[in-house]
Amino acid sequence: MIGNQNQTRQKTNRSMTRIIPKEFLEPNWRLWSFILLIVLGVFLMAVYPVYYSSTTGLTDPFYSPTLAVVPLVALFRFTCYAYRKDYHRHVFNHPRTCEIGFRAEFKGREYTGETRLLRIENAHRYFMYFAVAILPFFYYDIYLSMVYQPGFTLTLGGLLLIVNTALVTLYTFSCHAIRHLVGGNIDCFSCKHNTRNKIFNGQTLLNAHHETFAWLSLTMFFLVDLFIRATVAGVIPNIVLLH
Ligand code: FES
């Protein structure tokens, strides 16, 4: 009887691991705290929304153009190579190049990226088109922050939106999928693709700093969100820098 139960359990586990990577089925406090934080963040964003505020002229970047796009933006970030490196190493314990300390315990652990549910990582190149498509909305938000009252106004919040948009733009255009779009499917650039060659070389400069842009832009996104929430709540003023 107990043998049958064990067999059934093993069968269920096997069929689940065909779809769900085994990292999701084992005790892993890093993974579950990560998931808990995401669920909590999404819940708070849905319960306490901050859209465009006509008194400060600021639009929270998480709600631009609408909260409904957040899952696609999140998938673009989740499948980004910069974050993948970090979460595979630090959350899923795939330390293929490092075997010191506690990581030695995970020596020889099978890499499960781009398999089962994580096949979604392969769709990064498609999420990239979406990320490019929503960029103009951030520029429009900057414009709104400058014309929310008669005449031209630059506020501290507006300045933060400019920095945030610049970082998101650098992050998006330094993407490896953009690199492929610009430079893929060509055997020889210098032969007859001079313009593409120049764009590719320019993108190479950005691409070299992709990881830095990834973390800076993510951090900035949260800081701007907190700043706007604080100004809307009246906790800190949206100082006018130029008018
Ligand atoms: Fe990071 Fe594309 S690889 S955004």
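Counting convention: from 1, in listed order, for ligands and their atoms alike.
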Trainee: Tell me whether the centres of the aromatic rings in Tyr87 and Phe78 are closer together than 6.0 Å.
Mentor: yes

Trainee: Using 30° and 60° as the class boundaries, would you call the ring planes of His210 and Tyr171 parallel, tilted or perpendicular?
Mentor: parallel

Trainee: Is a side-chain donor-acceptor pair under 3.5 Å present for Thr169 with Tyr139?
Mentor: yes

Trainee: Determine how many protein N/O/S atoms sit closer than 2.8 Å to atom 1 (Fe) of ligand 1, leaving waters out since they are not shown.
Mentor: 2

Trainee: Any side-chain donor-acceptor pair under 3.5 Å between Arg179 and Thr204?
Mentor: yes

Trainee: Is Tyr129 reachable from Val69 through a run of I, L, V, M, F, W or Y residues, each pair having side-chain heavy atoms under 4.5 Å apart?
Mentor: yes

Trainee: Is the ring centre of His124 less than 6.0 Å from the ring centre of Phe76?
Mentor: yes

